[in-house]
Student: 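Below is a structure I'd like to ask you about.
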Amino acid sequence: MVNDMNSSMESVYSGVAQADTALLLRHVQGHRRHTSPLPPSSPSRERLRQSQPMHIQAVRCLQEEHQLRPASLPAIPNPFPELCSLAGSPVLSPMQTSNNHVCTPKHLVMEVNVDAHLLRFSTRDTSRRRLFHACENAIFLRAHCHHYSHVCLQIVKVWSEDGAGKVVEIPADMTARDVCQLLVYKSHCLDDNAWTLVEHHPILGLERCLEDHELVVQVQASMSSDSKFLFRKNYAKYEFFRNPLNFFPEQMVAWCQESDGSIPQSQLLQNFLNSSSCPEIQGYLYMKEPGRKSWKKLYMFLRRSGLYYSTKGTSKEPRHLQLVSDLEDSNIFTIITGKKLHNAPTDYQFCIKPSKVRSDCKELKMLCAEDEQSRTCWMTAFRLLKYGIVLYQNYNAPQQRKANLLPLSAPVRSVSENSLVAMDFSGRTGRIIDNPVEAQSAAVEEGQTWRISTQSGCDHMFVCVAVIHRTQVWFHGRIMREEAHKMIIQQGQVDGLFLLRDSQSNPKAFVLTLCHHQKIKHFQILPCEEDGQVFFSLDDGATKFTDLIHLVEFYQLNRGVLPCKLKHPCTAVAL
């Protein structure tokens with residue numbers, strides 16, 4: 001009887017152990033499939049399980065864990081509970097079942113569903129910094145890019161001017177404008193709507209600014225392995241909407257042969273944006289002959305249907321027109337390698353590159369203009385005829401975004417002639433100084449008031465004034481004249497674009513590099529001493545300033561001896 005009882009008890013224990021083991025394995029295997037809750041057990045079986053605490057404890061832990069968190073969340077310590085809590089976080093919400101898989105690196109798999117306030121990640125790398133960047137990306141997408149949902153994330157690397165790179169994970173349908181917003185958000189720099197992504201091809205020596213509506217992942221797919229994206233400012237990207245007459249000389253703009261009359265300058269942009277109208281750009285261009293280093297001067301026409309050259313002088317007859325390139329499947333690039341490489345007749349080169357071409361130079365249409373204004377006219381007209389009204393929508397998008405901001409958000413202050421004025425607070429109430437002569441004398445008086453004493457105990461203040469300008473975005477230290485030219489050209493040759501640098505000829509002086517009418521000029525800032533105090537001046541001591549910051553602020557308000565006011569600082573951001 002005792003032997004029978006022992007054998008029956010062993011069979012019962014073994015049966016329960018097998019059931020619990022099978023239940024445990026079923027939970028482990030079905031952890032990601034949201035298995036149904038355990039069926040209720042009878043009291044007799046619960047009493048028998050007390051003799052097997054290992055199985056009961058494991059199953060209980062799995063039950064509690066399965067109830068507290070969804071199956072798709074990782075079983076790792078959470079370093080950011082306030083970001084990833086399901087109850088109180090504005091970004092996260094309880095998980096929903098989804099069959100979408102995310103295309104990201106092996107060490108990090110993350111899915112962002114912005115419309116559902118969803119952040120899901122499963123990782124083998126428990127680094128807190130990587131987890132923070134994942135949450136940071138999700139928060140930015142949630143706040144700024146509400147229309148991105150249920151898309152795969154792609155890896156994009158962006159480079160800054162100093163050679164540093166930043167890797168970002170973006171949705172496959174994210175535009176260039178939103179990527180710039182993301183980089184501005186991550187780099188904590190001022191967003192003045194001048195930032196842009198640049199498609200750079202070092203082997204071909206080409207680069208162009210991406211349009212705000214272009215999909216970054218799609219553009220990256222058409223680039224070669226040596227190509228890369230650059231993050232920089234371009235103040236001239238939409239300058240033609242503000243000053244169209246400076247971009248389109250009257251002699252270069254005309255109607256097509258099918259139309260009569262001439263284009264009124266006041267309706268210039270409307271004709272380019274209206275798809276039913278047919279303006280054209282005409283003029284002489286040099287075109288490089290295929291497979292040779294020689295260039296041929298031809299009379300060309302740019303229309304909505306493409307770029308043509310005339311085989312007989314300046315004739316517009318269809319039988320004399322030869323197609324060079326269409327606009328639909330091509331992009332226009334600036335050639336940055338200089339005229340010596342291609343033996344170009346001038347420095348004002350540009351290129352039309354088919355979208356499908358990656359690194360084949362034979363498919364490129366190399367062109368060269370007579371001057372910078374002509375090159376800018378051809379390249380701007382190419383963009384307008386290709387994209388039309390979409391460019392105007394991109395231009396208006398930042399203004400509409402600002403109008404939709406919350407009332408409590410702080411406005412972004414831009415340094416321009418409209419936001420800075422000279423004021424006089426000598427009386428009971430302040431007044432605006434309209435007279436430039438009075439404004440200049442007030443600036444000199446302010447400079448005298450802010451004189452720094454060189455007495456003992458104030459030497460450290462003098463040292464601070466001597467180096468404080470090096471913290472400003474417009475100061476670029478010991479760069480060569482050619483490098484300053486290159487930076488001004490890259491960021492758009494608009495009036496008032498400037499930078500300051502150390503002088504190469506005088507170690508105690510500085511140089512102001514300024515762009516005016518698409519020409520780059522240099523002005524030397526010389527130190528002058530008075531009563532033992534060092535000042536800086538642009539006009540041989542007529543107007544003196546205690547430091548370069550005061551000098552820049554004065555010429556942002558007043559033109560003085562300069563051809564125009566200082567408007568746009570030439571900036572190089574570090575990602």
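By convention here, the first residue in the shown sequence is residue 1.
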Student: So, the side chain of D495 versus the backbone of H517: is there a donor-acceptor pair under 3.5 Å, distance only?
Tutor: yes
Student: To the nearest 0.5 angstrom, please state how far the CG atom of L327 sits from the NZ atom of K386.
Tutor: 7.5 Å
Student: Does T571 offer a backbone N or O that forms a donor-acceptor pair with the side chain of Q491 under 3.5 Å?
Tutor: yes
Student: Counting N and O atoms only, with roles assigned by atom type, does the side chain of T376 sit under 3.5 Å from a partner on the main chain of F247, one being a donor and the other an acceptor?
Tutor: no
Student: Do you know which two heavy atoms are closest between A572 and M487, and how far apart they sit?
Tutor: CB-CE, 4.3 Å
Student: Within the 4.5 Å heavy-atom criterion, are K339 and Q349 side-chain neighbours or not?
Tutor: yes
Student: Between E280 and K316, does at least one N-O distance fall below 4.0 Å, as a salt bridge requires?
Tutor: yes
Student: Look at the rings of Y395 and Y392 and say which category their plane angle falls in: under 30° parallel, 30 to 60° tilted, over 60° perpendicular.
Tutor: tilted
Student: Do any N or O atoms from the side chain of Y238 and from the backbone of A194 form a donor-acceptor pair under 3.5 angstrom?
Tutor: no
Student: Minimum heavy-atom separation for G313 and Y299, please, with both atom names.
Tutor: O-CB, 3.4 Å
Student: Indicate the ring-plane relationship of W474 and F498, choosing parallel, tilted or perpendicular according to the 30° and 60° boundaries.
Tutor: tilted
Student: Nearest 0.5 Å, please: how far is OG in S325 from OH in Y308?
Tutor: 10.0 Å
Student: Check this for me, if you would: do E370 and K297 make a salt bridge, where the nitrogen-to-carboxylate-oxygen distance has to be below 4.0 angstrom?
Tutor: yes
Student: Is T311 reaching over with its side chain to a backbone N or O of H320, donor-acceptor style, under 3.5 angstrom?
Tutor: yes
Student: Show the nearest heavy-atom pair for residues V217 and P171, with the distance to one decimal.
Tutor: CG2-O, 3.8 Å
Student: Report yes if the side chains of F382 and L307 come closer than 4.5 Å at any heavy-atom pair, otherwise no.
Tutor: no
Student: Is there a donor-acceptor contact under 3.5 Å from the side chain of H342 to the main chain of M366?
Tutor: no
Student: Provide the closest heavy-atom pair for I488 versus C515 in the form atom of the first, atom of the second, distance.
Tutor: CG2-CB, 3.9 Å
Student: Is the shortest heavy-atom distance from the side chain of V168 to the side chain of K186 under 4.5 Å?
Tutor: yes
Student: Could you check, using the six-membered ring where one of them is a Trp, whether F248 and F272 have ring centers closer than 6.0 angstrom?
Tutor: yes
Student: Would you mind checking if R232 and E207 are paired as a salt bridge, meaning a charged N to carboxylate O distance below 4.0 Å?
Tutor: yes
Student: So which atom in F523 and which in P563 form the shortest heavy-atom distance, rounded to 0.1 Å?
Tutor: CZ-CD, 3.5 Å
Student: In terms of side-chain geometry, is the basic nitrogen of D502 or R470 positioned less than 4.0 Å from the acidic oxygen of its partner?
Tutor: yes
Student: Determine whether a donor-acceptor pair (N or O, by modelled atom type, separation under 3.5 Å) exists between the side chain of K312 and the backbone of E317.
Tutor: no
Student: Do F350 and Y348 have ring centroids that are under 6.0 Å from one another?
Tutor: no
Student: Looking only at non-hydrogen atoms, find the nearest pair between G388 and L273 and report the distance.
Tutor: O-CD2, 3.3 Å
Student: Side chains of F333 and H201: closer than 4.5 Å at any heavy-atom pair?
Tutor: yes
Student: Under a 4.5 Å cut-off applied to non-hydrogen side-chain atoms, are N271 and V253 in contact?
Tutor: no
Student: Quick one: which of N394, D212, T196, N193 gives a side chain to side chain donor-acceptor pair (under 3.5 Å) with R177?
Tutor: N193
Student: If only atom types and distance count, is the side chain of E483 paired as donor or acceptor with the main-chain N or O of M480 below 3.5 Å?
Tutor: no
Student: With rounding to the nearest 0.5 Å, note down the distance linking OG in S310 to CE in M300.
Tutor: 10.5 Å
